[in-house]
Amino acid sequence: MLNPKPVIIEEYNAEWPKAFKRIETALSEEIDDLVIRIEHVGSTSVPGLAAKPIIDIDVVIKSMDYLPEIIKKLEVLGYLHEGDLGIKNNEAFARRDIYVPYSSEGNEKYEHHLYVCDEESEELNRHIIFRDTLKNNPLLVSEYASLKIELSNKFTNNRKAYTEGKTKFVTRVMNEYVTPYTKGRLDD
């Protein structure tokens with residue numbers, strides 16, 4: 001059995017949003033006609049937040065009825081469809097190699113995770129609400145960064161334990177800082 005990649009947390013890097021934009025541009029050239037928007041989510045999308053240097057991307061489509069067509073287009077770009085991995089309306093895609101998404105430049109792309117979801121996806125809404133809550137609360141960013149560094153030091157070779165260690169913080173933020181207005185957006 002292969003050893004999983006160690007959990008390495010880096011200080012915030014201003015290259016992360018730029019890397020997202022380059023990936024977004026390459027994706028848009030192929031799939032723009034099927035996409036409502038492409039969201040930079042996860043820790044690398046929050047200025048000042050320490051993170052694993054992996055860009056998380058949610059590609060939002062109007063309906064999961066478009067999924068077969070989006071799968072074909074993403075295959076052209078070098079992505080492999082992995083299924084929903086147990087999360088409804090949130091399809092995961094792996095990269096064939098470091099050049100994915102393929103583009104005319106043929107250059108290496110930043111490491112990233114790509115998901116396709118529809119507008120109704122609870123996971124998408126959770127990602128956006130958590131991201132935006134952190135962006136508006138610098139003290140939470142500091143607290144979360146400290147927790148992530150502590151957990152990565154403690155669970156360097158145990159991604160599952162690292163992820164589970166963050167759950168309590170994420171749940172608290174979602175319960176304490178999400179306004180009734182924001183919660184209502186989830187029901188729209």
Side-chain angles (χ1 to χ4, degrees), residues 4-5 16-17 19-46 49 51-104 109-136 159-160 162-164 166-167 169-171 173-175 177-188:
K5 289 174 67 173
W16 293 339
F20 165 74
K21 280 294 187 195
R22 287 190 294 272
I23 295 165
E24 177 187 34
T25 298
L27 289 169
S28 292
E29 289 173 3
E30 183 67 29
I31 64 173
D32 204 38
D33 57 325
L34 297 173
V35 173
I36 296 170
R37 66 187 188 277
I38 300 174
E39 293 279 353
H40 184 188
V41 295
S43 294
T44 60
S45 69
V46 179
L49 182 57
K52 295 188 304 290
I54 302 168
I55 309 295
D56 288 318
I57 301 170
D58 285 347
V59 174
V60 185
I61 58 179
K62 183 78 175 165
S63 162
M64 292 311 266
D65 293 341
Y66 296 115
L67 185 62
E69 192 173 347
I70 205 98
I71 290 170
K72 287 179 192 168
K73 289 187 175 218
L74 288 173
E75 283 176 354
V76 170
L77 292 173
Y79 291 97
L80 302 167
H81 182 226
E82 296 183 303
D84 69 11
L85 306 181
I87 301 173
K88 184 181 174 193
N89 290 345
N90 195 71
E91 300 288 319
F93 290 80
R95 300 167 63 204
R96 288 186 191 278
D97 57 45
I98 60 174
Y99 302 103
V100 172
Y102 300 142
S103 62
S104 57
K109 306 299 186 309
Y110 210 89
E111 187 172 355
H112 61 281
H113 295 149
L114 184 77
Y115 304 93
V116 173
C117 50
D118 66 17
E119 293 179 292
E120 307 304 316
S121 169
E122 289 182 25
E123 191 71 2
L124 167 69
N125 285 316
R126 191 180 69 76
H127 286 167
I128 291 171
I129 290 168
F130 187 71
R131 175 197 67 194
D132 292 350
T133 300
L134 289 181
K135 281 183 172 183
N136 292 311
R159 279 186 180 252
K160 185 176 183 204
Y162 166 80
T163 301
E164 288 172 356
K166 297 186 306 178
T167 300
F169 176 87
V170 172
T171 301
V173 167
M174 295 299 282
N175 288 337
Y177 291 87
V178 176
T179 66
Y181 164 76
T182 307
K183 283 184 181 174
R185 285 181 27 206
L186 290 174
D187 299 329
D188 290 346

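For reference, positions follow the sequence shown, starting with 1.
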Working to the nearest 0.5 angstrom, can you tell me the gap between [X] [atom1] and [Y] [atom2]?
X	Y	atom1	atom2	result
Arg126	Asn90	CZ	CG	9.0 Å
Leu67	Cys117	CG	SG	10.5 Å
Asp56	Ser43	CG	OG	7.5 Å
Leu77	Lys73	CG	NZ	9.5 Å
His127	Glu123	NE2	CD	4.0 Å

Would you indicate whether the side-chain heavy atoms of [Y] and [X] approach each other to under 4.5 Å?
X	Y	value
Leu74	Leu27	yes
Glu91	Tyr115	no
Ile31	Val59	yes
Ile128	Arg131	yes

Mark yes or no for whether Lys109, through its side chain, and Ile98, through its backbone, hold a donor-acceptor pair below 3.5 Å.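 Absent.
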Is the backbone N or O of His113 less than 3.5 Å from a side-chain atom of Arg95, with the two atoms forming a donor-acceptor pair by type?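 Not at all, since once roles are kept as given, no pair shorter than 3.5 Å links the two residues.
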Give me each pair satisfying ring-ring contact (aromatic ring centres under 6.0 Å, His included) with a member in residues 70-89, each pair once, sequence neighbours excluded.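 Sorted result for residues 70-89: Tyr79-His112, His81-Phe93.
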Tell me, please, which residues at least two apart from His40 pass side-chain contact (heavy atoms from CB on, under 4.5 Å).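 Partners of His40 by the side-chain contact (heavy atoms from CB on, under 4.5 Å) criterion, ordered by chain and then number, come out as Phe20, Thr44, Ser45, Ile55.
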Please identify each residue that fulfils side-chain contact (heavy atoms from CB on, under 4.5 Å) with Thr171, with sequence neighbours left out.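 Once residues adjacent in sequence are excluded, the partners of Thr171 under the side-chain contact (heavy atoms from CB on, under 4.5 Å) criterion are Thr167, Asn175.
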Quick one: which residue pairs count as a side chain to side chain donor-acceptor pair (under 3.5 Å) with a foot in residues 22-31, not counting sequence neighbours?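 For residues 22-31, and leaving out neighbouring residues, the side chain to side chain donor-acceptor pair (under 3.5 Å) pairs sorted by first residue read Lys21-Glu24.
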With the threshold set at 4.0 Å, does a side-chain nitrogen-carboxylate oxygen contact exist between [X] and [Y]?
X	Y	result
Arg37	Asp58	no
Glu111	Lys52	no
Glu75	Lys72	no
Glu119	Lys62	yes

Derivation and outcome, side chain to side chain contact (heavy atoms under 4.5 Å, CB included), residues Asn89 and Asp118: CA-CA 6 Å; Asn89 290 345; Asp118 66 17; 3.5 Å; yes
Tyr66: partners by ring pair (Phe, Tyr, Trp, His ring centres under 6.0 Å), with sequence neighbours left out: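 Ring pair (Phe, Tyr, Trp, His ring centres under 6.0 Å) check on Tyr66 returns nothing, list empty.
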Does either side chain, that of Asp97 or that of Tyr102, offer a donor lying less than 3.5 Å from an acceptor on the other one?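 There is such a pair (donor and acceptor under 3.5 Å, judged by atom type) between the side chains of Asp97 and Tyr102.
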Let's go through Ile57 and Ile38 carefully: what are the C-alpha distance in whole Å and the side-chain angles of both, what is the deciding distance for side chain to side chain contact (heavy atoms under 4.5 Å, CB included) to 0.1 Å, and is it a yes or a no? CA-CA 7 Å; Ile57 301 170; Ile38 300 174; 3.5 Å; yes
Would Ile61 and Val116 count as a side chain to side chain contact (heavy atoms under 4.5 Å, CB included) if you check the C-alpha gap in whole Å, the side-chain angles of each, and the deciding distance to 0.1 Å? CA-CA 7 Å; Ile61 58 179; Val116 173; 3.7 Å; yes
Evaluate whether atom NZ of Lys166 has more than 12 neighbouring non-hydrogen atoms of other residues, nucleotides or ligands under 6.0 angstrom away.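 Enclosed.
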Does Tyr110 OH have over 12 foreign heavy atoms under 6.0 Å away?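 More than 12 heavy atoms, drawn from other residues, nucleotides or ligands, come within 6.0 Å of this atom.
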Taking only residues two or more places apart in sequence, or in another chain, which ones meet Glu82 in a salt bridge (Lys or Arg N to Asp or Glu O under 4.0 Å)?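 Glu82 satisfies salt bridge (Lys or Arg N to Asp or Glu O under 4.0 Å) with no residue once adjacent residues are dropped.
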Would you sort out whether Lys88 and Ser121 count as a side chain to side chain donor-acceptor pair (under 3.5 Å), showing the intermediate values? CA-CA 7 Å; Lys88 184 181 174 193; Ser121 169; over 6 Å; no
Stepwise side chain to side chain contact (heavy atoms under 4.5 Å, CB included) test for Ile87 and Glu122: CA-CA 9 Å; Ile87 301 173; Glu122 289 182 25; over 6 Å; no
